[in-house]
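Step one of this worksheet: look at the structure below.
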Amino acid sequence: MDITRTLAVARGDEPADLLLTGGRVVDVFAGEVIEADVAIAGDLIVGVGDGLSAKETYDLGGRFLSPAFIDAHVHIESAMVPPSQFAPAVLACGVTCVITDPHEIGNVLGLDGIRYMLRDSDGSPLTVYVNAPSCVPASPLGSAGAALEADDLAQLLDEPRLLGLAEVMNFPGVVAGDPGLLDKIARFGGRPIDGHAPGLDGRALDAYVSAGIQSDHECTTPEEALRK
């Protein structure tokens, strides 16, 4: 929308496109629930409060109005459906964005599987971002349909919805300085790099973090999460 009109609506000089009334707004920053109207112009919220006007009004009837959820780590194919079918299931629960690690389909089909996940989610009402699976196969002991090295993963860097490197689950390899893993991390330098290191602590954790790992969803106790 034109910024000039946005400002005019926000100032109250022009009516918004839609006014949501009768709702309870969940303020996730203050930890409060407030009763307020919400004005929308185009795809932007331009006002929250009283005395707002709009071309169209919708009464929420006391329903809660809150920011949508973002699932920061999910394996869509584990639900046994493609992204296009995954979308309506989670949108109904308030999830509007996911960051998926196509690790499973990557283990079966390699780059073709990852590109399928990207193409199938094109134009979806669910915003789908992808992190490149870092460990295909998961370990040298595994048997898989593909093996993705740094040169393979680098081919995905120009994909518009490819964010970074997914969970680096071979944490012993990272700590030991495995050249192949370090090459993958280096290729994705400056991008998000997710971790996966249950129980890792002490100097080994220092080494893992020093390699460039930025998160870990595998903590097993509150104390481990706090240390990490």
Side-chain angles (χ1 to χ4, degrees), residues 28-29 67 69-79 83 95 97-115 117-118 121 127-228:
V28 296
F29 293 101
F69 297 112
I70 298 174
D71 192 333
H73 179 79
V74 65
H75 303 279
I76 290 178
E77 63 270 41
S78 293
V95 178
C97 176
V98 300
I99 296 91
T100 184
D101 170 12
H103 173 83
E104 282 81 4
I105 197 168
N107 265 275
V108 175
L109 294 173
L111 291 178
D112 288 342
I114 298 167
R115 290 191 174 110
M117 300 296 280
L118 284 161
S121 57
T127 300
V128 178
Y129 292 106
V130 174
N131 279 336
S134 63
C135 299
V136 176
S139 82
L141 301 177
S143 58
L148 297 179
E149 305 298 338
D151 288 342
D152 303 310
L153 297 178
Q155 298 178 44
L156 299 170
L157 286 170
D158 291 333
E159 292 283 352
R161 286 183 289 112
L162 195 288
L163 294 184
L165 192 64
E167 52 181 330
V168 186
M169 62 185 68
N170 185 3
F171 60 90
V174 175
V175 173
D178 177 89
L181 283 170
L182 297 185
D183 191 11
K184 293 176 183 179
I185 292 171
R187 298 291 185 96
F188 285 80
R191 294 177 178 240
I193 300 175
D194 288 346
H196 174 119
L200 199 64
D201 201 357
R203 300 311 296 270
L205 177 58
D206 291 343
Y208 189 67
V209 173
S210 297
I213 313 299
Q214 300 168 356
S215 66
D216 183 12
H217 60 276
E218 292 293 336
C219 299
T220 55
T221 65
E223 293 76 19
E224 180 184 355
L226 183 61
R227 287 195 300 271
K228 288 180 174 175

Nearest 0.5 Å please: distance from the CG atom of Leu162 over to the CD1 atom of Ile114. 8.0 Å

Contact check, side chains of Asp101 and Asp194, non-hydrogen atoms, under 4.5 Å: no

How far does CD1 of Ile99 sit from CD1 of Ile76, to the nearest 0.5 angstrom? 10.5 Å

Can you list everything that forms a side chain to side chain contact (heavy atoms under 4.5 Å, CB included) with Asp183? Sequence neighbours excluded, please. Ala150, Arg187

Side chain to side chain contact (heavy atoms under 4.5 Å, CB included), that's the test. Do Glu77 and Val108 meet it? Break it down for me. CA-CA 11 Å; Glu77 63 270 41; Val108 175; over 6 Å; no

Do Asn107 and Glu104 have side chains that approach each other closer than 4.5 Å (heavy atoms only, starting at C-beta)? no

Treating Asp152 as the side-chain partner and Glu149 as the backbone partner, does any N or O pair qualify as donor plus acceptor under 3.5 Å? yes

Any sub-3.5 Å donor-acceptor pair from Tyr129's side-chain atoms to Ala72's backbone N or O? no

Does the Arg227 side chain pair with the main chain of Leu205, one donor and one acceptor, at a distance under 3.5 Å? no

After noting the C-alpha distance and the side-chain angles of Cys219 and Leu226, does the key distance pass the side chain to side chain contact (heavy atoms under 4.5 Å, CB included) rule? CA-CA 9 Å; Cys219 299; Leu226 183 61; over 6 Å; no

Can any side-chain N or O of Glu224 pair as donor or acceptor with the backbone N or O of Gly199 at less than 3.5 Å? yes

Does His75 form a side chain to side chain contact (heavy atoms under 4.5 Å, CB included) with Glu167? I'd like the steps, not just the answer. CA-CA 11 Å; His75 303 279; Glu167 52 181 330; 3.1 Å; yes

Can you name the nearest heavy-atom pair linking Pro102 to Val130, along with the distance? CD-CG1, 3.7 Å

One should read off an interatomic distance between Asp216 CG and Tyr208 OH, to the nearest 0.5 angstrom, of 6.0 Å

Hey, does Ser215 have a side-chain heavy atom less than 4.5 Å from the side chain of His73? no

Do Lys184 and Val168 have side chains that approach each other closer than 4.5 Å (heavy atoms only, starting at C-beta)? no

To the nearest 0.5 Å, how far apart are CG in Asn170 and OG in Ser134? 8.5 Å

Is the shortest side-chain heavy-atom distance between Pro133 and Ile105 below 4.5 Å? no

Contact between Asp71 and Thr100 at the side-chain level, heavy atoms closer than 4.5 Å - yes or no? no

Can you confirm whether more than 12 heavy atoms, excluding those of Ile70, are under 6.0 Å from its CD1 atom? no

What is the distance from atom CZ of Arg191 to atom CD of Gln214, rounded to the nearest 0.5 Å? 12.0 Å

Of all heavy-atom pairs between Ala146 and Leu109, which one has the smallest distance, and what is that distance? CB-C, 4.4 Å

Start with the C-alpha gap between Leu153 and Phe188, add the side-chain angles, then the distance that decides, and say whether side chain to side chain contact (heavy atoms under 4.5 Å, CB included) holds. CA-CA 9 Å; Leu153 297 178; Phe188 285 80; 3.9 Å; yes

Non-hydrogen side-chain atoms of Arg115 and Glu159 separated by less than 4.5 Å: yes

With rounding to the nearest 0.5 angstrom, report the CG to CG distance, Leu118 to Leu111. 10.5 Å

Can you check whether His103 reaches Val136 side chain to side chain, under 4.5 Å on heavy atoms? yes

